[in-house]
Amino acid sequence: MNADTVAAVGAGGVFLLLIVIVWQVAATWRARMLAAREDEYRRLAERYARLLEDNTELHRRTLDELAQTRSSLTSMEKMMREIE
């Protein structure tokens with residue numbers, strides 16, 4: 001083997017090594033981005049669950065207040081009928 005062949009094989013090996021390194025850095029970066037996106041989705045899901053619980057509690061309180069209002073109105077109607 002002459003020096004030119006050895007230099008060409010060496011240069012090819014260096015380029016191959018650089019390609020592998022760039023490929024691995026890109027794969028690591030992509031995995032981190034996917035993990036960050038999954039974390040964001042998890043946080044959004046937790047926030048949605050809290051908002052849903054708050055909305056459910058507000059709905060329950062509204063129904064309770066409506067039931068109390070109906071009861072009061074029924075009592076008032078009964079009282080007004082007795083007065084007549």
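Model, not experiment: these values are computed from the prediction.
- For R37, the salt bridge (charged side-chain N to carboxylate O under 4.0 Å, His left out) criterion is met by no residue, not counting sequence neighbours.
- Scored by the salt bridge (charged side-chain N to carboxylate O under 4.0 Å, His left out) test, R81 finds no partners at all (sequence neighbours excluded).
- Distance check: S72 OG to E77 CD gives 11.0 Å after rounding to the nearest 0.5 Å.
- Note: L34 CG to D39 CG = 11.0 Å, rounded to the nearest 0.5 Å.
- With a 4.5 Å cut-off on side-chain heavy atoms, T74 and K78 do not count as touching.
- Interatomic distance, CG of L51 versus CG of L58, reported as 12.0 Å (0.5 Å rounding).
- Checked against salt bridge (charged side-chain N to carboxylate O under 4.0 Å, His left out), D4 has no partners two or more places apart in sequence or in another chain.
- With rounding to the nearest 0.5 angstrom, the CG atom of L63 is 8.5 Å from the CZ atom of R70.
- When the shell of 6.0 Å around CZ of R60 is examined, it contains more than 12 heavy atoms from other residues, nucleotides or ligands.
- Scored by the salt bridge (charged side-chain N to carboxylate O under 4.0 Å, His left out) test, E46 finds R42 as partners (sequence neighbours excluded).
- The pair R61-E65 fails the salt-bridge criterion, with no side-chain N (NZ, NE, NH1 or NH2) lying under 4.0 Å from an Asp/Glu carboxylate O.
- The hydrophobic cluster around L52 extends to Y48, counting ILVMFWY residues whose side-chain heavy atoms fall within less than 4.5 Å of a member.
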Run the side-chain donor-acceptor check on residues 9-28: report pairs under 3.5 Å with partners two or more places apart or on a different chain.
unit_1 : atom_1 : unit_2 : atom_2 : d
T28    : OG1    : Q24    : O      : 2.9

Assess whether salt bridge (Lys or Arg N to Asp or Glu O under 4.0 Å) is satisfied between R50 and D54, documenting all intermediate values. CA-CA 6 Å; R50 282 192 307 272; D54 292 346; over 6 Å; no
